[in-house]
Amino acid sequence: MGGATGEDLAGRTVVYGITGGIAAYKAPMVVRGLKALGVDVHTVMTEAATHFVTPLTLQTVSGRAVCTELFSGLSPDAHEVEHIALADRADLLLIAPATADFMAKMALGLADDLLSCVALATKAPILVCPSMNVNMYNHPATRKNIEVLKERGVHFLEPASGELACGWEGAGRLPEPPRIVAEAKRHLYQKDLAGISMVITCGPTAEDIDPVRFITNRSSGKMGAALVEAACVRGANVKVVSGPVATEYAPWAEVVMVRSAEAMLDAVTEGLKGTDVLIMAAAVADYTPASYRSSKIKKKDRLTAVELKSTADILSTIKPLKRDAFFVGFAAETENLSDSARQKLVSKGLDMIVANRVGEAGSGFASDTNSGLILVGPGVLDTFEHLEKEALAHKILDYIRERV
Ligand code: CTP
């Protein structure tokens, strides 16, 4: 079965297995997160799991009957053998939480309940999220079982460390539902960008005047973060160079946080080695204070102006050093979108530019959607209106993939 490309996960099926650990209380939130992606969720619970969370809860949030029994009589589709039908229907088998006992069964190939039968019969990728007492997790038997399963191609999301429900401290906590959903999402995508290395710059830069004050802009980093996540789930190797933002980046990317335009230039220059694509989604300051005052400027200083100097243009500086890479710029414009973007495409030597309208509702800085156009040469390649930044990110990556 192929994975999804672009942003479209609708029509994909996750068979979600829950085994009997206390962290099963997080399972309904995992189902909700999966449903929010547009995927169809079929939940399978072991008998032990039903002691921690009820099938009725899972049925309500998934919108589907929950399967708990290997021999439950006839399946809703009378011609189907239930465990095989579930195994075949899955685009991903997610097991969270996975107990030590269940992983041991998987490693041995036992199939004495519905979920272990599905795990043995499915050809879909399997993502296992272990959760248990730290000593059970670190026991040589469990470590060996995990190793065996990894060798067979089973994917794992490592447990987090911290205080465990049993009172011990250490590794064994089930990661929070959004993290599990993100990992599941990654396994549903085709890796059409595998083997491609990207540097993606995000957010604003901050140009310090004194230890208290700085000049910045309205960039939130949302467009950059959407590109980072989309590139990662499609298999690209992504390095992020980000100005100061509150936005979190996808956990699979390497992130370098910087502050000023000068620091961003240094980090991009460093990160560009061996890179195939540079996407400059950052809103880099064009001006920085001519000098930095190391002590706070006081009211009594009666400051009336801050002298500024130009920053280096990162794209124009770097392009001559890395001619073999594919360069994508962004243009934030309030007017003459197409002409201004085309001018930047040519003057900065870009391969592609994404121009978006700023200063209007539903587009530009801090918005969840964007409106604008994409240029690769003299003509307009595509236009978009109030498109979700996630969808726009996939569209941009589709065009890049066709060209690298
Ligand atoms: N850019 C850059 N270095 C700078 C300023 C901008 O590499 N010092 C990049 C941005 O990351 C973006 C593209 O250049 O990808 C266009 O940025 P934008 O701010 O729209 O244009 P400017 O070149 O700064 O021109 P202007 O502000 O006059 O529109």
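When a ligand or atom number is given, it counts from 1 through the structure's own listing order.
In this structure, D113 pairs ionically with K105, as a charged nitrogen and a carboxylate oxygen lie closer than 4.0 Å. We find that K150 and E158 are joined by a salt bridge, their nearest charged nitrogen and carboxylate oxygen being less than 4.0 Å apart.
Distances from ligand 1 to the non-hydrogen atoms of A312 include at least one value under 4.0 Å. Taking a 4.0 Å cut-off on heavy atoms, A261 fails to register as neighbouring ligand 1.
Closest to atom 23 (O) of ligand 1, if we only count protein heavy atoms, is K348 NZ, 2.6 Å. In terms of protein heavy atoms, atom 2 (C) of ligand 1 is closest to I314 N, 3.5 Å. Protein heavy atom in closest approach to atom 12 (C) of ligand 1: F330 O, 2.9 Å. Remark: minimum distance from atom 26 (P) of ligand 1 to any protein heavy atom is reached at K344 NZ, 3.8 Å.
Protein non-hydrogen atoms do reach within 4.0 Å of atom 21 (O) of ligand 1. Checking atom 15 (O) of ligand 1 against the protein gives a heavy-atom contact under 4.0 Å.
Residue L315 touches ligand 1 through backbone and side chain together, judged by heavy-atom distances below 4.0 Å.
In this structure the side chain of L157 reaches within 4.5 angstrom of the side chain of R179, judged on heavy atoms. Side-chain contact between F327 and K348 is absent, with no heavy-atom pair separated by less than 4.5 Å.
Not one N or O of V284 is nearer than 3.5 Å to an N or O of ligand 1, by distance alone.
Compare V268, L278, D286, T205 by their heavy atoms: the one nearest to atom 24 (O) of ligand 1 is in D286. Nearest to atom 10 (C) of ligand 1 by heavy atom, out of A331, S340, A282, is A282.
L164 CG to I22 CD1: the interatomic distance, rounded to the nearest 0.5 Å, is 12.0 Å. Atom CG of residue L174 and atom NZ of residue K26 lie 5.0 Å apart, to the nearest 0.5 angstrom.
Scanning both residues, P175 and P159, for their nearest heavy atoms gives CD-CA, 4.2 Å. Residue M103 comes nearest to L149 through the heavy atom pair O-CD1, 3.8 Å, listed as atom of the first residue, atom of the second, then distance.
By the 6.0 Å and 45° rule, K395 does not stack over the aromatic ring of F384.
Each of the following atoms of ligand 1 lies closer than 4.0 Å to a heavy atom of T311: 8 (N). Each of the following atoms of ligand 1 lies closer than 4.0 Å to a heavy atom of G329: 15 (O).
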